[in-house]
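Remarks on the structure that follows.
In each ligand, atom 1 is the first atom listed, and ligand 1 is the first ligand listed.
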Amino acid sequence: MDFKILGPSQSVVQQNNKLIIKTAEAEAHVTVYSPSIIRVNITRQPADADESFAVIREPENSLAYEETDAEIIIKTTALTLRVNKTPLRFAFYTPDGKLLSKDDDRFGTNWQNSRVINYRELQPEEHFIGLGEKVGNLNRRASSFTNWNTDASDHTPKTDPLYETFPFFIGIHSELTYGFFLDNTHKSYFDFAASCDDQFIWLGADDGDLNYYFFGAQTVAGIIDDYTWLTGRMEMPPLWSLGYQQCRWSYMSAQEVLDVAAKFREHNVPADVMYCDIDYMEGFKIFTWNNETFPNPKAFIDKLKAMNFKLVTIVDPGIKVEEGYQQYDEGVERGYFATYPNGENYIGEVWPGRCHFPDFFREDVREWWGAAFTALIEPGVEGFWNDMNEPAVWNQNMPWIVKFGDKFMPELRNVYGMQMARATYDGTRKILGNKRPFVLTRAAYSGTQRYSAVWTGDNTATDEHLLLGARLVNSLGVSGMAFVGVDIGGFSGNPTPEMIVRWNNLGIYTPMYRNHSIKDSEFREPWQYGEENLNLIRKFIEDRYRLLPYLYSAFYQTTQSGLPVCRTLAIEYTHDKAVYYEDYQNQFLFGDGLLVAPVKSTELTAKVYLPCGDWYRLGTDEKYTGGREYVVDAPLSDMPVFAKAGAIVPMQNVTQSTQHSGDGTLILHVWNSTEDNDFVYYEDDGNTYDYEAGNYHKRSIAFSPNEKTIKISAAEGNYKSKYNLLELVLHGFDDAIHLNKLNFNNDEIVIEY
Ligand code: GLC
């Protein structure tokens with residue numbers, strides 16, 4: 001085993017905005033991306049081109065440094081990096097000299113053969129959050145993780161790795177915060193002081209560079225803002241994708257899909273989306289339709305549209321080896337598939353049997369893939385579900401000798417799914433013209449938020465998975481992925497009636513609300529559990545539709561700052577230790593104003609922790625003083641949700657689909673407080689990119705208990721709101737205030753009470 005530790009600096013040279021420090025073992029390249037983002041790339045193979053799948057920004061800061069005999073010092077307004085020269089070690093401080101994070105003095109960065117690992121000093125009582133789709137506790141301390149995108153069907157709440165790779169975490173200690181993003185696509189490792197007598201944390205990868213971005217913002221939200229500045233933010237999702245989505249592996253025919261859709265309307269259960277899982281295809285061949293069971297896709301989708309449903313269809317990367325099948329013939333002829341080093345196309349087995357796998361790392365292959373969506377879009381599909389893209393092959397072990405272009409599988413596996421989602425997004429966006437595509441992917445890497453939503457794969461119908469789902473969604477949110485779903489009800493197994501009820505209650509507060517289940521499972525639609533449960537589930541789904549104006553505004557916030565829709569309490573209450581306790585770690589804020597406490601279906605009371613400030617139970621307006629734990633009722637009809645004092649939550653009346661225009665009334669809920677608060681309300685047509693040209697309706701809503709006013713600013717943007725009346729509902733105010741409906745046009749509205 002060749003073992004090397006980064007040793008003393010031998011030379012320091014500035015090249016444009018990059019500082020290059022050479023040692024006998026490697027070079028360290030330091031660049032300042034912004035005052036709060038410094039990149040350090042420790043490389044043994046300096047490359048001419050700087051490639052990243054995740055990062056979309058260039059450094060915005062010029063570089064200035066001081067050098068002494070012992071140190072190199074780089075100072076920005078937000079960070080100080082002190083580089084010890086002998087041996088080369090990196091330490092990050094706040095501008096006023098508080099230590100944020102540093103290399104372990106002894107071990108720093110080192111190599112065992114090609115494997116590069118960085119050892120970092122553990123700080124007093126340090127907590128860690130993030131890493132995206134990882135099981136375990138909110139606080140990652142004392143746990144270790146591997147990034148290696150895996151088809152983790154039948155995973156448990158302890159399985160690692162799952163499907164996605166987000167090598168980004170946030171460290172929290174001494175009332176300080178920092179972020180760390182290791183942009184390396186090889187199999188990577190993060191160990192948060194799991195087995196080392198609390199001496200250090202360590203992280204690194206099987207090969208490649210120790211290429212990281214260090215974030216110095218002093219709030220978690222600020223770090224997420226910077227991380228999503230660097231890796232991109234999602235764009236506004238189509239409004240319909242925020243409605244209720246019904247899936248199953250599989251509705252076996254067009255008629256069955258239509259019958260289920262019709263039942264939603266019959267039972268008055270709001271819903272927007274139906275799915276076709278793999279059985280809509282001919283022999284699982286991507287971009288085909290089964291002639292017998294889906295004989296006329298256009299007529300089928302037209303009927304769905306007439307019921308105000310959208311259709312999402314699944315696509316997998318595996319292209320069936322079968323002469324005469326267009327994708328196979330074209331792919332082989334043009335050399336579009338992953339190969340062995342001798343040029344033979346790699347074959348692995350997935351649903352269709354023996355398959356080739358498109359090389360999504362090539363632009364021409366992505367374009368070819370993207371253009372093929374015409375077969376789905378022409379008849380009317382608007383959502384594209386990318387599955388099995390870890391990439392999954394039966395027995396889970398694509399050989400390491402498989403090549404994509406000149407690179408081998410181990411270097412690219414973790415980004416394969418992301419590149420498939422990118423090809424799908426780019427292609428469908430082009431074909432759909434001005435309409436927003438909805439793309440969903442199972443495998444992902446940092447930056448995937450630019451192209452797609454994700455879901456958390458094949459979970460199970462247990463209460464542990466219900467709670468785990470909340471944590472996965474929240475952790476993905478910390479890692480830039482705000483648009484996330486879990487299979488409501490659990491993919492494998494059959495939920496009890498109580499469980500499906502509870503899980504639907506949580507579904508309201510999940511960014512993507514999709515019910516999905518495995519082949520041969522019991523049917524899962526809301527009416528399958530008797531009248532009483534149907535009434536409960538209907539009420540939850542109705543609540544989701546009531547909340548859409550609030551939810552859509554929360555997504556707008558994500559597009560602007562990366563702040564996710566579902567926010568672990570660690571984002572807002574970072575230094576409150578209680579939010580990391582196992583009892584409370586599943587709780588989260590849904591948007592700015594609502595706190596959700598997920599509860600198992602078997603428990604009808606719940607221990608909840610309300611952080612500092614006042615809170616009101618949603619539904620009853622019972623008031624609680626925060627900063628402590630409460631035991632509260634948690635009947636199946638009402639999982640505990642609390643509005644924060646001062647919360648501003650715009651709602652609407654129920655519609656059966658987001659495509660119904662509704663009754664034109666925006667219902668503004670405000671919970672009393674002693675402190676001022678405001679909210680950005682955002683609306684657009686929900687369907688096109690016209691908002692990019694100013695076609696939106698945006699206003700700020702300011703609640704001032706001190707002035708006793710609620711002020712809604714004049715509208716910004718050219719879009720005419722679909723609401724023309726405003727109704728105000730005040731909670732927790734002493735005087736019963738009754739206000740008639742007000743006109744909601746573009747003018748400023750001032751309400752005094
Ligand atoms: C995978 C997916 C699941 C899907 C199934 C069949 O297991 O994770 O969601 O239903 O494949 O396509």
- [ ] Have a look at F361 and tell me which of Y336, F337, F53 forms a ring-ring contact (aromatic ring centres under 6.0 Å, His included) with it.
- [x]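 For F361, the ring-ring contact (aromatic ring centres under 6.0 Å, His included) check succeeds only for F53.
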TODO: Applying ring-ring contact (aromatic ring centres under 6.0 Å, His included) between Y346 and each of F408, F404, W400, Y340, report the one that passes.
DONE: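 Exactly one pass, corresponding to Y340.
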Where ligand 1 meets [X] - atom numbers and elements under 4.0 angstrom, heavy-atom basis:
X    : result
I314 : 12 (O)
H516 : 3 (C), 4 (C), 9 (O), 10 (O)
F491 : 3 (C), 7 (O), 9 (O), 10 (O)

Would you say the side-chain atoms of [X] pair up with the backbone N or O of [Y], donor to acceptor, closer than 3.5 Å?
X    : Y    : value
S250 : M252 : no
T228 : I224 : yes
S452 : V439 : yes
K600 : T462 : no

Task: Side chain, backbone, both or neither: I518 near ligand 1, heavy atoms under 4.0 Å - done: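 For I518, there is no contact with ligand 1 at all, from either part.
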Does [X], backbone or side chain, put an N or O under 3.5 Å from an N or O of ligand 1?
X    : value
W385 : no
W249 : no
D458 : yes
R442 : yes
W455 : no

TODO: Among all protein heavy atoms, pick the one closest to atom 1 (C) of ligand 1 and tell me residue, atom and distance.
DONE: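 Of every protein heavy atom, D387 OD2, 3.1 Å lies nearest to atom 1 (C) of ligand 1.
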- [ ] Considering only non-hydrogen protein atoms, determine which one is nearest to atom 12 (O) of ligand 1 and report residue, atom name and distance to 0.1 Å.
- [x]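 Ranking protein heavy atoms by distance from atom 12 (O) of ligand 1, first comes D277 OD1, 2.6 Å.
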Identify every side-chain donor-acceptor pair in residues 312-321 under 3.5 Å, counting partners at least two apart or on other chains, and give the distances.
from : atom 1 : to   : atom 2 : distance (Å)
K320 : NZ     : P352 : O      : 2.7

Task: Nearest non-hydrogen partners of R248 and F523, listed with the distance - done: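 Heavy atoms of R248 and F523 come nearest at NE-CE2, 3.3 Å.
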